[in-house]
Amino acid sequence: MKNFHLPFGLILVLMVFFHLSLFSEESKPEQTKDVSLPTWTEGFQTGAMLRVRPEMKYNFDFNKNTNDNVDFVGQKLQFWIQKEFSKDVFAKITFQDARVWGGEKGSPTGLSTANDNTRQSTDIREAYIEVKNILEIPLHVQMGRQLLKYGDERLVGALEWTNVGRSFDGLRVKSETKYLSSHIWVTAVSERHSDIVGNTTIHGQKNLYNPTFNCPPDAKVSCKLGIDAPKQELGDSYFTGFYNTIKPSELLHIDLY
(Lines give C-alpha, C1' and ligand atoms only; values in the text may rest on other atoms or scores of the structure.)
Protein backbone atom coordinates (compact mmCIF):
# COMPACT_ATOMS: atom_id res chain seq x y z
CA MET A 1 0.00 0.00 0.00
CA LYS A 2 1.37 3.35 -0.98
CA ASN A 3 1.55 6.00 1.80
CA PHE A 4 -0.21 9.37 1.20
CA HIS A 5 1.51 12.49 2.56
CA LEU A 6 0.10 16.02 2.57
CA PRO A 7 2.53 18.85 1.97
CA PHE A 8 3.70 20.50 5.19
CA GLY A 9 2.57 23.96 4.01
CA LEU A 10 -0.96 22.77 3.35
CA ILE A 11 -1.17 21.11 6.78
CA LEU A 12 -0.03 24.38 8.42
CA VAL A 13 -2.67 26.42 6.55
CA LEU A 14 -5.44 23.99 7.56
CA MET A 15 -4.40 24.13 11.23
CA VAL A 16 -4.39 27.95 11.27
CA PHE A 17 -7.80 28.12 9.55
CA PHE A 18 -9.30 25.61 12.04
CA HIS A 19 -7.91 27.55 14.98
CA LEU A 20 -9.26 30.86 13.70
CA SER A 21 -12.68 29.31 13.14
CA LEU A 22 -12.86 28.10 16.75
CA PHE A 23 -11.64 31.46 18.04
CA SER A 24 -14.20 33.41 16.01
CA GLU A 25 -17.06 31.26 17.30
CA GLU A 26 -15.98 31.51 20.94
CA SER A 27 -15.19 35.22 20.99
CA LYS A 28 -18.02 36.49 18.76
CA PRO A 29 -19.47 39.53 20.62
CA GLU A 30 -23.18 39.79 21.24
CA GLN A 31 -25.03 42.24 19.04
CA THR A 32 -26.00 45.35 21.02
CA LYS A 33 -28.83 47.68 20.29
CA ASP A 34 -28.20 51.25 19.28
CA VAL A 35 -28.86 53.25 22.46
CA SER A 36 -27.60 56.60 21.21
CA LEU A 37 -29.30 59.51 22.91
CA PRO A 38 -31.40 61.92 20.82
CA THR A 39 -29.71 65.17 19.90
CA TRP A 40 -31.13 68.65 20.31
CA THR A 41 -31.61 68.89 16.54
CA GLU A 42 -34.34 66.24 16.56
CA GLY A 43 -37.70 67.96 16.26
CA PHE A 44 -35.98 71.33 15.68
CA GLN A 45 -37.05 73.44 12.71
CA THR A 46 -36.46 76.99 11.52
CA GLY A 47 -37.96 79.08 8.76
CA ALA A 48 -38.24 82.58 7.38
CA MET A 49 -40.62 84.68 5.30
CA LEU A 50 -40.16 87.98 3.50
CA ARG A 51 -43.07 89.86 1.96
CA VAL A 52 -42.73 93.14 0.08
CA ARG A 53 -46.04 94.59 -1.08
CA PRO A 54 -46.83 97.99 -2.63
CA GLU A 55 -50.17 99.45 -1.54
CA MET A 56 -52.10 102.33 -3.08
CA LYS A 57 -55.40 103.46 -1.60
CA TYR A 58 -57.33 106.37 -3.00
CA ASN A 59 -60.75 107.39 -1.68
CA PHE A 60 -61.27 103.93 -0.23
CA ASP A 61 -64.06 105.18 2.06
CA PHE A 62 -65.97 106.63 -0.95
CA ASN A 63 -65.98 110.07 0.64
CA LYS A 64 -64.25 112.76 -1.42
CA ASN A 65 -64.27 115.17 1.53
CA THR A 66 -61.77 113.12 3.55
CA ASN A 67 -58.04 112.90 2.88
CA ASP A 68 -57.66 109.13 2.68
CA ASN A 69 -55.07 108.80 -0.10
CA VAL A 70 -52.33 106.47 1.07
CA ASP A 71 -49.51 104.85 -0.89
CA PHE A 72 -46.48 103.04 0.44
CA VAL A 73 -44.48 99.81 0.18
CA GLY A 74 -44.96 97.50 3.11
CA GLN A 75 -42.26 95.05 4.18
CA LYS A 76 -42.82 92.15 6.58
CA LEU A 77 -39.92 89.91 7.61
CA GLN A 78 -40.43 86.90 9.87
CA PHE A 79 -38.02 84.34 11.32
CA TRP A 80 -39.31 81.48 13.43
CA ILE A 81 -37.85 78.68 15.53
CA GLN A 82 -39.86 75.69 16.67
CA LYS A 83 -38.96 72.66 18.72
CA GLU A 84 -40.88 69.44 19.34
CA PHE A 85 -39.61 68.15 22.67
CA SER A 86 -41.89 65.12 22.50
CA LYS A 87 -45.06 64.11 20.66
CA ASP A 88 -47.06 66.09 23.23
CA VAL A 89 -44.84 69.12 23.98
CA PHE A 90 -44.21 71.79 21.35
CA ALA A 91 -42.78 75.32 21.48
CA LYS A 92 -42.46 78.08 18.90
CA ILE A 93 -41.15 81.63 18.73
CA THR A 94 -41.55 84.01 15.77
CA PHE A 95 -39.66 87.28 15.37
CA GLN A 96 -41.16 89.90 13.07
CA ASP A 97 -39.92 93.13 11.57
CA ALA A 98 -42.60 95.24 9.84
CA ARG A 99 -41.66 98.47 8.10
CA VAL A 100 -43.01 100.93 5.57
CA TRP A 101 -40.99 102.46 2.76
CA GLY A 102 -42.05 105.65 1.04
CA GLY A 103 -44.88 106.41 3.44
CA GLU A 104 -45.65 107.85 6.83
CA LYS A 105 -44.80 105.94 9.98
CA GLY A 106 -47.55 104.70 12.20
CA SER A 107 -50.91 103.03 12.13
CA PRO A 108 -51.66 103.48 8.38
CA THR A 109 -49.13 100.68 7.86
CA GLY A 110 -51.09 98.09 9.79
CA LEU A 111 -54.66 99.31 10.29
CA SER A 112 -53.96 100.55 13.82
CA THR A 113 -52.37 97.28 14.86
CA ALA A 114 -48.83 98.65 14.76
CA ASN A 115 -47.00 101.25 16.75
CA ASP A 116 -48.52 104.58 15.86
CA ASN A 117 -46.07 107.15 17.25
CA THR A 118 -42.70 105.41 17.21
CA ARG A 119 -40.40 103.66 14.79
CA GLN A 120 -40.31 100.48 16.86
CA SER A 121 -40.68 97.97 14.04
CA THR A 122 -39.25 94.70 15.44
CA ASP A 123 -41.19 92.60 17.90
CA ILE A 124 -42.11 89.03 18.83
CA ARG A 125 -45.12 87.82 16.87
CA GLU A 126 -45.42 84.41 18.53
CA ALA A 127 -43.86 82.87 21.63
CA TYR A 128 -45.77 79.95 23.12
CA ILE A 129 -45.55 76.41 24.40
CA GLU A 130 -48.25 73.82 23.83
CA VAL A 131 -48.82 70.70 25.91
CA LYS A 132 -51.14 68.07 24.41
CA ASN A 133 -53.06 65.09 25.77
CA ILE A 134 -52.92 66.14 29.39
CA LEU A 135 -53.85 63.26 31.73
CA GLU A 136 -53.94 61.09 28.59
CA ILE A 137 -57.16 62.69 27.40
CA PRO A 138 -57.68 64.96 24.33
CA LEU A 139 -57.05 68.10 26.37
CA HIS A 140 -54.42 70.60 25.19
CA VAL A 141 -53.08 73.79 26.77
CA GLN A 142 -51.34 76.59 24.85
CA MET A 143 -49.60 79.34 26.83
CA GLY A 144 -47.92 82.54 25.63
CA ARG A 145 -48.22 84.90 22.67
CA GLN A 146 -50.27 83.20 19.98
CA LEU A 147 -52.59 83.71 17.02
CA LEU A 148 -56.36 83.30 17.32
CA LYS A 149 -58.33 82.35 14.20
CA TYR A 150 -62.05 81.63 14.54
CA GLY A 151 -65.06 81.90 12.30
CA ASP A 152 -62.91 81.98 9.15
CA GLU A 153 -61.23 84.95 10.87
CA ARG A 154 -64.39 87.01 10.56
CA LEU A 155 -65.03 86.66 14.30
CA VAL A 156 -61.41 86.99 15.40
CA GLY A 157 -58.32 86.60 13.27
CA ALA A 158 -54.59 87.14 12.97
CA LEU A 159 -54.88 89.81 10.23
CA GLU A 160 -52.10 88.23 8.22
CA TRP A 161 -53.11 90.30 5.21
CA THR A 162 -52.06 93.50 6.97
CA ASN A 163 -48.48 94.64 7.19
CA VAL A 164 -48.26 93.87 10.90
CA GLY A 165 -50.89 91.36 11.99
CA ARG A 166 -52.38 90.63 15.39
CA SER A 167 -51.29 88.47 18.32
CA PHE A 168 -52.73 87.74 21.74
CA ASP A 169 -50.94 87.14 25.04
CA GLY A 170 -52.74 84.59 27.15
CA LEU A 171 -53.83 81.04 27.87
CA ARG A 172 -55.91 78.77 25.67
CA VAL A 173 -57.39 75.38 26.59
CA LYS A 174 -58.46 73.11 23.72
CA SER A 175 -60.35 69.84 23.52
CA GLU A 176 -60.29 68.05 20.18
CA THR A 177 -62.37 64.96 19.41
CA LYS A 178 -63.84 63.52 16.24
CA TYR A 179 -67.26 65.11 16.70
CA LEU A 180 -66.55 68.11 18.96
CA SER A 181 -63.94 70.86 19.13
CA SER A 182 -64.02 73.24 22.12
CA HIS A 183 -61.65 76.14 22.71
CA ILE A 184 -61.68 78.58 25.63
CA TRP A 185 -59.15 81.39 26.06
CA VAL A 186 -58.23 84.31 28.27
CA THR A 187 -55.88 86.96 26.83
CA ALA A 188 -54.62 90.39 27.86
CA VAL A 189 -55.33 92.96 25.16
CA SER A 190 -53.53 95.83 26.85
CA GLU A 191 -52.08 96.79 30.20
CA ARG A 192 -52.54 100.14 31.87
CA HIS A 193 -48.78 100.65 32.09
CA SER A 194 -47.93 99.38 28.58
CA ASP A 195 -47.41 102.84 27.06
CA ILE A 196 -43.74 103.11 28.05
CA VAL A 197 -42.41 103.24 24.46
CA GLY A 198 -44.71 105.96 23.22
CA ASN A 199 -47.49 103.86 21.72
CA THR A 200 -50.86 105.37 22.38
CA THR A 201 -53.82 103.25 23.40
CA ILE A 202 -57.47 103.80 24.23
CA HIS A 203 -56.86 101.99 27.51
CA GLY A 204 -54.78 102.95 30.48
CA GLN A 205 -54.36 105.76 32.95
CA LYS A 206 -55.57 108.48 30.60
CA ASN A 207 -59.13 107.12 30.73
CA LEU A 208 -60.58 107.70 34.17
CA TYR A 209 -63.97 107.12 35.65
CA ASN A 210 -65.80 109.90 37.43
CA PRO A 211 -64.74 110.51 41.03
CA THR A 212 -66.07 108.01 43.56
CA PHE A 213 -67.97 109.24 46.58
CA ASN A 214 -67.79 106.15 48.78
CA CYS A 215 -66.76 108.16 51.77
CA PRO A 216 -67.20 106.93 55.36
CA PRO A 217 -69.66 108.83 57.56
CA ASP A 218 -66.87 110.54 59.50
CA ALA A 219 -64.91 111.53 56.36
CA LYS A 220 -63.72 115.01 55.68
CA VAL A 221 -65.87 117.45 53.77
CA SER A 222 -63.35 117.44 50.92
CA CYS A 223 -64.03 113.75 50.31
CA LYS A 224 -67.76 114.27 50.20
CA LEU A 225 -67.29 117.14 47.78
CA GLY A 226 -65.12 114.96 45.56
CA ILE A 227 -62.02 117.09 45.94
CA ASP A 228 -59.72 114.33 47.19
CA ALA A 229 -61.89 111.39 46.18
CA PRO A 230 -59.64 108.86 44.36
CA LYS A 231 -60.22 108.49 40.68
CA GLN A 232 -60.43 104.93 39.34
CA GLU A 233 -58.33 103.85 36.39
CA LEU A 234 -59.74 101.73 33.63
CA GLY A 235 -56.85 99.34 34.20
CA ASP A 236 -56.02 96.29 32.12
CA SER A 237 -58.18 95.09 29.25
CA TYR A 238 -58.87 91.41 28.58
CA PHE A 239 -60.37 89.39 25.77
CA THR A 240 -61.97 86.04 26.57
CA GLY A 241 -63.95 83.63 24.43
CA PHE A 242 -65.49 80.17 24.16
CA TYR A 243 -65.73 78.64 20.68
CA ASN A 244 -67.26 75.24 19.94
CA THR A 245 -67.60 73.33 16.69
CA ILE A 246 -69.96 70.36 16.50
CA LYS A 247 -69.07 68.05 13.60
CA PRO A 248 -71.89 65.58 12.82
CA SER A 249 -70.23 64.82 9.48
CA GLU A 250 -67.49 66.09 7.19
CA LEU A 251 -70.06 68.17 5.30
CA LEU A 252 -71.86 69.70 8.29
CA HIS A 253 -70.24 71.73 11.05
CA ILE A 254 -72.15 73.78 13.63
CA ASP A 255 -70.35 76.62 15.43
CA LEU A 256 -71.47 77.78 18.88
CA TYR A 257 -69.65 80.64 20.57
Side-chain angles (χ1 to χ4, degrees), residues 33-49 76 78-96 98 110-111 113-114 122-162 164-194 201 203 234-257:
K33 296 182 178 180
D34 186 9
V35 292
S36 58
L37 297 177
T39 62
W40 66 272
T41 57
E42 293 187 12
F44 179 83
Q45 297 181 3
T46 62
M49 183 271 291
K76 178 191 291 187
Q78 290 184 353
F79 173 75
W80 64 84
I81 305 172
Q82 57 188 32
K83 169 69 174 178
E84 185 177 350
F85 298 95
S86 67
K87 65 181 182 66
D88 293 329
V89 181
F90 175 82
K92 182 179 182 181
I93 181 170
T94 301
F95 302 94
Q96 176 174 284
L111 294 182
T113 60
T122 305
D123 204 347
I124 297 178
R125 181 71 192 281
E126 293 177 284
Y128 67 85
I129 182 170
E130 184 173 2
V131 182
K132 300 180 179 180
N133 300 317
I134 298 177
L135 302 177
E136 297 184 355
I137 60 176
L139 182 67
H140 320 311
V141 175
Q142 188 173 349
M143 301 167 288
R145 179 167 295 184
Q146 52 195 282
L147 309 181
L148 298 181
K149 301 179 181 181
Y150 293 101
D152 291 333
E153 299 197 50
R154 298 179 69 87
L155 178 66
V156 55
L159 295 183
E160 297 285 8
W161 53 273
T162 67
V164 178
R166 178 190 290 156
S167 302
F168 295 88
D169 296 335
L171 173 69
R172 178 164 46 161
V173 179
K174 301 180 287 186
S175 177
E176 300 287 351
T177 62
K178 181 178 180 181
Y179 298 105
L180 177 64
S181 172
S182 296
H183 291 196
I184 185 171
W185 64 86
V186 179
T187 63
V189 177
S190 65
E191 299 178 353
R192 63 181 183 176
H193 298 297
S194 63
T201 174
H203 310 285
L234 181 61
D236 300 343
S237 178
Y238 298 93
F239 172 55
T240 63
F242 189 35
Y243 200 95
N244 305 273
T245 302
I246 304 174
K247 299 173 281 188
S249 69
E250 295 182 356
L251 301 177
L252 177 61
H253 287 185
I254 302 173
D255 292 341
L256 302 175
Y257 52 89

Could you grab the distance from atom CD1 of Ile93 to atom CD1 of Ile129, nearest 0.5 Å is fine?
12.0 Å

Separation of Leu139 CG from Thr177 OG1 (nearest 0.5 Å)
11.5 Å

May I have the step-by-step check of side-chain contact (heavy atoms from CB on, under 4.5 Å) for Glu130 and Gln146, ending in yes or no?
CA-CA 10 Å; Glu130 184 173 2; Gln146 52 195 282; over 6 Å; no

Examine distances only and state if a side-chain atom of Lys76 and a backbone atom of Glu160 form a donor-acceptor pair shorter than 3.5 Å.
yes

Return the minimal non-hydrogen interatomic distance between Phe85 and Ala91, and the atom names on each side.
CE1-CB, 3.8 Å

Name the one of Lys92, Gln82, Glu84 that satisfies side chain to side chain donor-acceptor pair (under 3.5 Å) with Gln45?
Gln82

Scan Tyr150, Tyr243, Tyr128 and name whichever one has a ring-ring contact (aromatic ring centres under 6.0 Å, His included) with Trp185.
Tyr150

For the student: nearest non-hydrogen atoms of Pro138 and Asn133, plus distance
CA-OD1, 4.0 Å

Specify whether Phe95 and Phe79 have parallel, tilted or perpendicular ring planes, treating 30° as the upper limit for parallel and 60° as the lower limit for perpendicular.
parallel

Measure from the side-chain N and O atoms of Gln96 to the backbone N and O of Val164, and report whether any donor-acceptor pair falls under 3.5 Å.
yes

Measure the spacing between NZ of Lys174 and CD of Gln142 and express it to the nearest 0.5 Å.
4.5 Å

Roughly how far apart are Asn244 CG and Tyr257 OH, rounded to 0.5 Å?
11.5 Å

Provide the closest heavy-atom pair for Leu171 versus Met143 in the form atom of the first, atom of the second, distance.
CD1-CG, 3.2 Å

Going through the distances and angles, do Lys132 and Phe90 end up as a side-chain contact (heavy atoms from CB on, under 4.5 Å)?
CA-CA 8 Å; Lys132 300 180 179 180; Phe90 175 82; 5.5 Å; no

Please determine whether the number of non-hydrogen atoms from other residues, nucleotides or ligands lying under 6.0 Å from atom NZ of Lys83 exceeds 12.
yes

Given 3.5 Å as the limit, does a donor-acceptor pair link the side chain of His183 with the main chain of Phe242, or not?
no

Write down the atom of Pro248, the atom of Leu252, and the distance for their closest heavy-atom approach.
CD-O, 3.0 Å

Distance col, row Thr94:OG1 vs Met49:CE, nearest 0.5 angstrom, shows 9.5 Å

Using atom types as modelled and distance alone, determine if a side-chain donor or acceptor of Asp169 lies under 3.5 Å from a backbone N or O of Ala188.
no

Nearest-0.5 Å distance that lies between atom CG in Leu180 and atom NZ in Lys247:
7.5 Å

Glu153 side chain vs Ala158 backbone, donor-acceptor pair below 3.5 Å
yes

Would you please test Thr245 and Asp255 for side-chain hydrogen bond (donor to acceptor under 3.5 Å, both in side chains) and show each step?
CA-CA 4 Å; Thr245 302; Asp255 292 341; 3.0 Å; yes

Taking all atoms of both residues into account, what is the closest heavy-atom pair of Arg125 and Ser167, and its distance?
O-OG, 2.7 Å

